[in-house]
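This chain uses plain numbering: 1 for the first residue, then up along the sequence.
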Amino acid sequence: MLKVKLFAFIVLGVISTSCKDDENALKNLFSIENPTIKPILKLEESIDLVLQNKENKTIDSVVYYINEVKIGSVKGNEKLPFALSNQKLGNQTIKALVYFEGQNIDITSGFSIYASAEPKILNYKIVNTYPHDINAYTQGFEFYNGVLLEGTGQYKESTLRKTDYKTGKVTEQIKLEDKYFGEGITILKDKIYQLTWQEKTGFVYDAKTFKLEKTFPYEMEGWGITNDGEKLYMSDGSEKIYILNSETLKVEDYINVYTNGAKIEAVNELEWVNGKIWANVYQKDAIAIINPKNGSIEAIINLSELKTKVTKHVEIDVLNGIAYNPTTKTYFVTGKNWDKTFEITVE
């Protein structure tokens, strides 16, 4: 009996290997590569989807997909032009489902889409410097009715607080449970949304009373959050910014953050300013200004000089915190455990 089982195992292994070899042989009959499909492309470009038919097989039809979304089909091996203008930035997977001579096989290829233009470098000017709680591990920063709200992090130390920005004094505060590491905050329709880092739990508060109204779950890490007046935008420490329905708090879509030459990971604290997303990038003393429609970085503000103006100590950490004050039309920026907040204008 043992010999029979061993024989069956060997035969099945041979059949499996043979099937795989046959499939690979079929895949090698065709390829999607052509001069229009370069490794890196831009949104204003287009590609031609057409197969290289190495052995002149009779092709009945081809169905094309990009990122598993069907984009069209052709009879035979006709060319299918495809404009990239509505695609997300980032890696793209092309799949061709090829029907030929009574058989079918799918083949894949890929490319990446980067932002079209190099980011502009914007200048800034410090107009005021204010005290900031040196023990505040700043994760979220936002104005609400003229009051500066701040979310802070670290286990056993995370808070949500109201601050008098001119004195740096905390006027009201609630502390998160010790098991939570507080992250970004945003205010939408008189509700405060606060994320936590790895606990996959968000909080919704009444903005006027700080009363906790509900919690909500999410699948990724929580880093930064902002809103456009309707939707929530959430970062998770990658190049992605997720778009959430503010009623269901479920992810509906996402964008990938790219320059014209690189993917930008570790997108952190977010602020919505005049139709753009302003973002801190973790470990970078700069702000990226992002087009929320496609994720391209349109401008960069280098704020590295600010860290030279704050008190050096053991717990000092990176730039993090962007709050736009619509009354003064100025920007307030700080960092984790910085003892100063800087009010700046941007040119």
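For the side chain to side chain donor-acceptor pair (under 3.5 Å) test, residues two or more places apart in sequence or in another chain that qualify with Lys88 are Asp253. Under the rule for a salt bridge (charged side-chain N to carboxylate O under 4.0 Å, His left out), the partners of Glu298 that lie at least two apart in sequence or sit in another chain are Lys276. Taking the side chain to side chain donor-acceptor pair (under 3.5 Å) definition, one finds that Lys191 meets it with Glu213, sequence neighbours left out.
A side-chain contact (heavy atoms from CB on, under 4.5 Å) with Leu49 holds for exactly one of Ile37, Thr36, Asn34; it is Ile37.
The closest side-chain donor-acceptor pair between Glu157 and Thr152, if any, does not fall under 3.5 angstrom. Glu252 and Asn245 share a donor-acceptor pair across their side chains, judged by distance under 3.5 Å alone. For the 3.5 Å distance criterion, the side chains of Asn128 and Tyr130 qualify, holding a donor opposite an acceptor.
Heavy-atom contacts from other residues, nucleotides or ligands closer than 6.0 Å to NZ of Lys54 number more than 12.
Under a 4.5 Å side-chain heavy-atom criterion applied to ILVMFWY residues, the cluster that includes Val127 comprises that residue alone.
For residues 269-320, the pairs satisfying ring-ring contact (aromatic ring centres under 6.0 Å, His included) are Trp223-Tyr282, Tyr233-Trp272, Trp278-Tyr331, with sequence neighbours left out. Residue pairs meeting the ring-ring contact (aromatic ring centres under 6.0 Å, His included) criterion with at least one partner in residues 135-156, sequence neighbours excluded, are Phe143-Tyr165, Phe143-Phe332, Tyr155-Phe181.
Ring-centre distance between Phe100 and Phe30: below the 6.0 Å cut-off.
One finds a salt bridge joining Glu230 and Lys189 here, because a Lys/Arg side-chain nitrogen approaches an Asp/Glu carboxylate oxygen to under 4.0 Å.
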